[in-house]
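As structure tokens, the structure follows; a few thoughts come after it.
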Amino acid sequence: MFETEQKIIEKKIQDYYRDNSLPELDEFKWVPVPFSGEWGISTSFFQTAALEARQRANIEQKLPPVPQRAQEIAAGLADYLGTPAGFSRVEAVKGYINLYFSTEVYSARVIDLVLERGQSFGCSAPNDKLVMVEFSQPNTHKAFHVAHLRSMIYGDVLCRLMECAGYGVVRANYYGDIGLHVIKWLWNYIKYHAGERPTEDATRWMGDMYAEATRRLEENPDLESEVRDIYARWDEGDPEVVALWQETRQWSLDGFQSMYDILDIHFDRVYSNSEAEKPGKLFVDELIENGIAEDERPEGPVIVRIDDQLGLEKEKYRVLVILRSDGTALYSTEDLALARIKFREYPLEKSFYVVDVRQSLHFQQVFKTLEIAGYPWATKCKHLPYELVNLPGNVVMASREGTVVLLEDLIRESTSRALELVEQKNPQLASEKKEEIARAVGIGAIKFPLLSRESKKVVTFDWEQALDFNGQAAPYIQYAHVRANSILSRSMQPIPAPLLPQHVLEPSEVELIDYLSRMSAEVVRASEEFKPLIITNLAYNTARVFNEFYMNCPVLKAEPHIRDFRLRLVAATKQVLANELDLLGISAPEIM
RNA sequence: GCCCCUGUAGCUCAAUGGACAGAGCAGUGGCCUUCUAAGCCAUUGGUUGUGGGUUCGAUUCCUGCCAGGGGCGCCA
């Protein structure tokens, strides 16, 4: 936001360096001054001092220790710079030079820019690069539970971040709509539930049916021949089996769709296991012909000895099995083909896979195999791993074990809890409005904890924590947004025209503006590092500082000029909070 | 056996190699005739698992060890 100012100062620093024959730096790292009531940018001179010490090590010349020398340089520069235009004060402290902004000019500039840009504030201009993010990847005919939530939410927010950072984004889903699990389900349905329709809670019903199927097969393994028979019929395209498969698959897909709708997640391109199967088998044939894959059938499967192909001594990529010995497809068969399909369909700069960490090796193997096969785009494929959501005691959620928290249960519990609170706080609202707020709060509360921690750390699902709406959580940020909205609507006037402040800004006003100004840079960083956490931190801090402002700085009862300035500041804060929440896929209610 | 990840306050988590390691929850004590108390203020709590190393400077980078989790030819 202050690149121009930074460049001007950098230029002057370079002049100073030259005049004093100091070693040149490749780049300056500007950081915000740790906040203590004033607002500014800062850079340190430790590196310069260290570099200088190294350069002169062979010369007989005594230099002071690095920290002391850094402080000397900072002090010399502070003298040299004086007080540049746009700044109120320059100081040299502990090896840093701190340049404090003239608040009246810059505070207005930040607020004006936010209000001018509105919903697009914080986002970069489109950069004409296209990326694909594949995420969610649910299996049909199975339960949809809380462990699946992380891919959905992480993937969705990565898309939002990259869109905001200027990329064109293809949001892709990849349904696991065929495989042994589906056939088991069909077998159980045909044999014991023929003709039945799903209950209202279709996804739960599908999951229960799957659990029933696995239970029956565990109790009586002899029945597995019946399952294999159905698989064979599906493979041959038996119209009856295929029709049933398509119909029942749709029940799952409809259930998934309603979940995506509730969570405000959408896709541009939906792939499925079944459509990648045949291309996958053809791909395997190509790899065999090219001498990349080894066909050990019928005794063994088709494999790629990746380390051998690369001539590696130590085992690293090991062996990838790409087709079963009976000729049926594996996940890897389909992944190879699907990667190629994606690049044929779209001119992608990058192809991301949001899949849990247990499949890291699998994706390394698939991408490396594609590279060996000579596809230049193979290096553009990137796996974005995330850790699991476990139950307390490090229990993995598994539908088969019955150790799951179903998504619909969590959402229902969370929204009904939120509804109780709305009833308490705002009993006068229409019930439709109450429900709308409860949805926003309940869903936000679910999403936030999954976004506010490192993706490579295990999340332990805990009911008490999931339903805690206080403190570091989405409702805190939403509430700040509501407070801002409340001030604006009570002001009974449109947002005042741009103006410069004529009062000495309170520390909480300065700090708030400081945080508003950081959004664009943080969005870029978050998208580059694939870290939604950066935005949850920013949003939380923005809300926290606004709450301080709210306590310390009356708006509606302030002197007219101060009131106008603060109304603009409140409007800008409301906009930024809404934009940040939107990036997190969380809605920002006006009342709660 | 090989590979990957994690270890920070009682609990859940932060911290572009840089200024005193910060929040929330829990605990304690305050603040609603003033813009919504889903809030604010104060306070308690740390040898960043551990031994070395690199660096002017390490929670961050390298390495040994300890503890936990995950992955490794026909599961997805």
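Note: hydrogens, waters and symmetry copies are ignored here, and every other heavy atom, side chains too, is used. Since the model is a prediction, treat every value here as computed from it, not as a measurement. Numbers restart at 1 for each chain; the letters A, B, ... are given by sequence-line order, proteins then strands.
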By nearest nucleotide on RNA chain B, pick out whichever of A:Ile303 and A:Leu330 is the more 5' one. A:Ile303
Please confirm whether the backbone N or O of A:Thr140 pairs with a side-chain atom of A:Ser252, one donor and one acceptor, at under 3.5 Å? no
Complementary nucleotide for B:rA15 - Watson-Crick or wobble, under 3.5 Å: none
Is there a donor on the side chain of A:Ser42 or the base of B:rA19 sitting less than 3.5 Å from an acceptor on the other? yes
Carefully, step by step, assess A:Tyr100 and A:Glu91 under the rule side chain to side chain donor-acceptor pair (under 3.5 Å). CA-CA 8 Å; A:Tyr100 293 99; A:Glu91 64 176 5; 2.6 Å; yes
Are any of the side-chain nitrogens in A:Asp177 or A:Arg249 under 4.0 Å away from the carboxylate oxygens of its partner? yes
Give none if B:rC65 has no partner; otherwise give the nucleotide forming a Watson-Crick or G-U wobble pair with it, both distances under 3.5 Å. B:rG49
Does any pair with a residue in residues 441-461 of chain A pass salt bridge (Lys or Arg N to Asp or Glu O under 4.0 Å), and if so which ones, sequence neighbours excluded? A:Glu454-A:Lys531
Distance below 4.0 Å between A:Lys457 side-chain N/O and B:rC5 OP1 or OP2: no
Under a 3.5 Å distance rule, please check whether A:Asp564 uses its side chain to pair with a backbone N or O of A:Pro496 as donor and acceptor. no
B:rC35, OP1 or OP2 - any side-chain N/O from A:Arg563 closer than 4.0 Å? no
Where each residue is assigned the nucleotide of RNA chain B containing its nearest heavy atom, which of A:Trp30 and A:Val458 is assigned the position nearer the 5′ end? A:Val458
Heavy atoms from C-beta onward define the side chain here; which of B:rG73, B:rC41, B:rC75 lies closest to that of A:Glu548? B:rC41
Euclidean distance for P, B:rC5 against B:rC20 (whole angstrom): 31 Å
Quote, to the nearest angstrom, the C1' distance that separates B:rC75 from B:rC61. 38 Å
Starting the side chain at C-beta, find the nucleotide from B:rU16, B:rA19, B:rG71 nearest to A:Arg318. B:rG71
Interatomic distance, A:Asp356 atom CG to A:Glu387 atom CD [nearest 0.5 angstrom]: 8.0 Å
Have a look at B:rC31 and give me syn or anti from its glycosidic angle (syn if within 90° of zero). anti
Heteroatom pairs (N/O) under 3.5 angstrom, protein to nucleotides 21-26 of chain B:
residue	atom	partner	partner atom	Å
B:rA23	O2'	A:Gln472	NE2	2.7
B:rA23	O2'	A:Tyr540	OH	3.1
B:rA23	N3	A:Gln472	NE2	3.4
B:rG24	O2'	A:Gln472	N	3.2

For B:rA42, the nucleotide meeting Watson-Crick or G-U wobble distances (both under 3.5 Å) is B:rU28
Side-chain N or O of A:Tyr317 less than 4.0 angstrom from OP1 or OP2 on B:rC4? no
Describe the nucleic acid contact of A:Lys316 in one word from base, sugar-phosphate, nothing, applying a heavy-atom distance below 4.0 Å. nothing
At less than 4.0 Å, is any side-chain N or O atom of A:Arg453 found next to OP1 or OP2 of B:rC13? Yes or no. yes
Say we look at B:rA21 and B:rG29: how far apart would their P atoms be, to the nearest angstrom? 29 Å
Phosphate-side-chain proximity, A:Asn547 and B:rC40, N/O vs OP1/OP2 below 4.0 Å: yes
OP1 or OP2 of B:rA76 under 4.0 Å from side-chain N/O of A:Lys142: no
Decide, for B:rG30, between syn and anti: a glycosidic angle within 90° of 0 counts as syn, anything else as anti. anti
Can you tell me whether the side chain of A:Ser325 and the base of B:rC74 have a donor-acceptor pair closer than 3.5 Å? yes
